Structure formats: C-alpha cells, structure tokens
Amino acid sequence: MLWKLLTHPFRPLDPTVHDRSARSECVFCHVEKENILAQSDGFIVFRDRKPAAKEHLLVVSRQHIASVRTLRKEDIPLLKDMEEAGKRMLLSLGHPEETHIFGYHIPPFNSVDHLHLHAQALPYHNTLRQVKYPRSERHDTLKGWTWFIESSQVLRTLEANRNVTIKPC
C-alpha cells in the first residue's frame with residue numbers, strides 16, 4: 001500500500017485505462033440489484049456501505065472508467081448527469097440542498113478503481129470521517145493539494161483541458 005501511495009500519482013496511466021468495458025473482478029461492475037436506489041443507462045446509485053455522513057450515496061458509472069484521473073473533456077455530460085442524479089436522490093430522501101457535498105477521491109486515495117461520485121448530506125459522523133473528504137477552499141479552476149476533488153472542480157478542470165491530479169490542477 002505504501003508503495004502505491006508513493007508512486008501512483010506520478011507514474012503514467014496504464015495503457016489499457018481507456019478500455020471501459022466491465023471487469024469481472026470489479027465490485028462496482030457487479031452491484032446487486034436489490035442495493036440499487038436509482039439507475040439510468042449511464043450510472044447506478046446506491047448507499048455507501050461505510051457511510052461517512054448522515055446520508056452517503058455512491059453514483060457509479062456503468063462504464064468501467066478507472067478514476068477521475070482518466071476522465072476526458074467528452075465525459076463532462078456523464079459527470080453532470082451523475083451529480084444531478086445524486087442531488088435528486090438526496091433531495092428525495094429529505095436532505096436539503098445546503099447540506100449536499102459531491103466529489104471524487106483521486107488515486108491512490110480511492111478504495112475501488114472504478115469512477116464513483118460521493119453524494120453526501122452532511123453532517124459527517126465524526127472528525128475522522130470528515131478528514132477523508134477534505135474540501136479545497138479554492139473555487140476557481142485550480143484546486144489545492146488534496147486527495148478529494150469536488151464535482152464542480154472536476155468539471156472546471158476538464159473544461160480547461162487539464163487532467164485531475166492530487167497536486168493543484
């Protein structure tokens with residue numbers, strides 16, 4: 001794990017990373033139907049099995065997209081649809097919009113190598129859980145040094161033809 005943390009953000013992406021077909025070993029490619037709260041042709045929505053906040057949903061792309069590091073500008077419509085689905089689901093579960101947070105972990109600080117949006121309704125359960133989802137104070141195209149990037153920052157980064165990384169992008 002330590003080696004992954006030290007080398008992952010700096011090594012080139014795997015050349016097969018743009019193959020977006022389902023993977024037999026990926027847990028998000030094979031979510032049990034009874035756990036799915038909502039779905040579309042592009043994504044599924046279900047509850048996080050270890051929720052960090054009052055409500056913690058995952059919006060997972062149906063295509064096996066490895067992570068936010070592999071996203072391209074043409075993925076913007078999918079990302080917008082995923083955020084909108086998370087927002088609608090949180091609202092339908094009774095959580096007011098001002099409590100919502102939407103974002104992605106940046107590898108190697110992710111647990112599953114399959115693109116998934118964290119749709120959360122605050123507050124967090126405790127400080128330890130909150131630390132896992134640090135929010136950058138920057139609200140321009142750039143983000144600070146952090147392993148969690150808000151959905152709006154991902155969109156601005158891709159619109160500027162940049163790649164998402166742990167360092168400011």
Side-chain angles (χ1 to χ4, degrees), residues 27-29 31-107 109-166 168-169:
V27 295
F28 285 173
C29 286
V31 174
E32 295 177 11
K33 289 183 174 146
E34 62 268 9
N35 293 329
I36 297 173
L37 301 174
Q39 59 185 317
S40 78
D41 290 340
F43 54 82
I44 59 174
V45 182
F46 56 93
R47 284 192 165 93
D48 192 300
R49 64 184 180 93
K50 293 182 182 175
K54 184 175 182 179
E55 188 70 68
H56 190 159
L57 306 175
L58 297 178
V59 184
V60 178
S61 64
R62 286 197 183 270
Q63 292 180 12
H64 185 90
I65 300 171
S67 75
V68 292
R69 286 188 67 217
T70 64
L71 292 171
R72 302 174 293 224
K73 193 171 188 175
E74 52 267 21
D75 294 315
I76 290 173
L78 171 65
L79 301 178
K80 287 180 177 180
D81 288 348
M82 289 171 65
E83 183 176 343
E84 184 60 32
K87 186 181 295 186
R88 279 194 318 266
M89 184 55 65
L90 288 173
L91 288 170
S92 74
L93 294 169
H95 302 288
E97 198 165 339
E98 60 272 10
T99 67
H100 298 181
I101 301 291
F102 302 97
Y104 303 86
H105 280 111
I106 302 168
F109 300 96
N110 58 328
S111 56
V112 178
D113 288 330
H114 186 131
L115 184 70
H116 56 284
L117 172 69
H118 293 267
Q120 301 171 331
L122 301 183
Y124 287 106
H125 290 312
N126 57 49
T127 305
L128 187 58
R129 294 287 189 174
Q130 184 175 353
V131 167
K132 192 175 174 186
Y133 304 91
R135 296 175 63 202
S136 174
E137 295 302 316
R138 298 187 72 150
H139 295 287
D140 54 10
T141 301
L142 298 175
K143 69 162 199 55
W145 284 90
T146 182
W147 54 82
F148 185 75
I149 185 169
E150 292 182 57
S151 181
S152 59
Q153 292 171 317
V154 172
L155 294 172
R156 287 192 300 267
T157 299
L158 294 175
E159 287 166 352
N161 287 317
R162 295 192 175 123
N163 294 321
V164 173
T165 65
I166 292 172
C169 54

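These figures come from a predicted structure and were not determined experimentally.
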Smallest separation among heavy atoms of Gln120 and Tyr124, with atom names: OE1-OH, 2.8 Å
Interatomic spacing from CG in Asn163 to CZ in Arg72 - rounded to 0.5 Å: 11.0 Å
Ile149 CD1 to Arg156 CZ distance, which is reported to the nearest 0.5 Å: 8.5 Å
Minimum heavy-atom distance between Ser152 and Glu83, given as atom pair plus value: N-OE1, 4.5 Å
Check: His118/His56 side-chain N/O donor and acceptor closer than 3.5 Å: yes
Contact check, side chains of Phe43 and Val60, non-hydrogen atoms, under 4.5 Å: no
Heavy-atom donor-acceptor pair, His105 side chain to Val112 backbone, under 3.5 Å: no
Leu58 vs Phe28, side chain to side chain contact (heavy atoms under 4.5 Å, CB included): CA-CA, chis, key distance, verdict: CA-CA 10 Å; Leu58 297 178; Phe28 285 173; 3.7 Å; yes
For Gly86 against Ala119, the heavy-atom pair lying closest together: CA-CB, 4.1 Å
Side chain proximity check, Tyr133 to Ile101, heavy atoms < 4.5 angstrom: no
Pairing residues for Glu84 by the side-chain hydrogen bond (donor to acceptor under 3.5 Å, both in side chains) criterion, not counting sequence neighbours: none
From Arg88, Arg47, Lys54, residue fulfilling side-chain contact (heavy atoms from CB on, under 4.5 Å) relative to Leu93: Arg47
Audit row: Arg49, Asn35, side chain to side chain contact (heavy atoms under 4.5 Å, CB included) steps and yes/no: CA-CA 10 Å; Arg49 64 184 180 93; Asn35 293 329; over 6 Å; no
Trp147 side chain vs Asn110 backbone, donor-acceptor pair below 3.5 Å: no
Residue pair Leu79 / Leu115, side-chain heavy-atom distance below 4.5 Å: yes
Closest heavy-atom pair and its distance - Ser61, Met82: N-CE, 4.0 Å
Check: Ser40 and Asp81 side chains under 4.5 Å, non-hydrogen atoms: no
Side-chain heavy atoms of Leu37 within contact of Leu57, under 4.5 Å: yes
Taking every non-hydrogen atom, the tightest pair across His114 and His64: ND1-ND1, 3.1 Å
Lys73 atom NZ, neighbour heavy-atom count above 12 within 6.0 Å: yes
Shortest non-hydrogen contact from Gln153 toward Thr157: O-OG1, 2.8 Å
Spacing of CD belonging to Gln63 relative to CG belonging to Asp41, to within rounding of 0.5 Å: 11.0 Å
Arg69 vs Ile106 side-chain heavy atoms within contact, under 4.5 Å: yes
Any Ile166 side-chain heavy atom under 4.5 Å of Phe109 side chain: yes
Min side-chain heavy-atom separation Leu71-Ile65 under 4.5 Å: yes
Straight-line distance of Met89 CE to His100 NE2, nearest 0.5 Å: 11.5 Å
Spacing of CD belonging to Glu150 relative to CG belonging to Leu117, to within rounding of 0.5 Å: 11.0 Å
Stepwise side chain to side chain contact (heavy atoms under 4.5 Å, CB included) test for Arg62 and Gln39: CA-CA 9 Å; Arg62 286 197 183 270; Gln39 59 185 317; 2.4 Å; yes
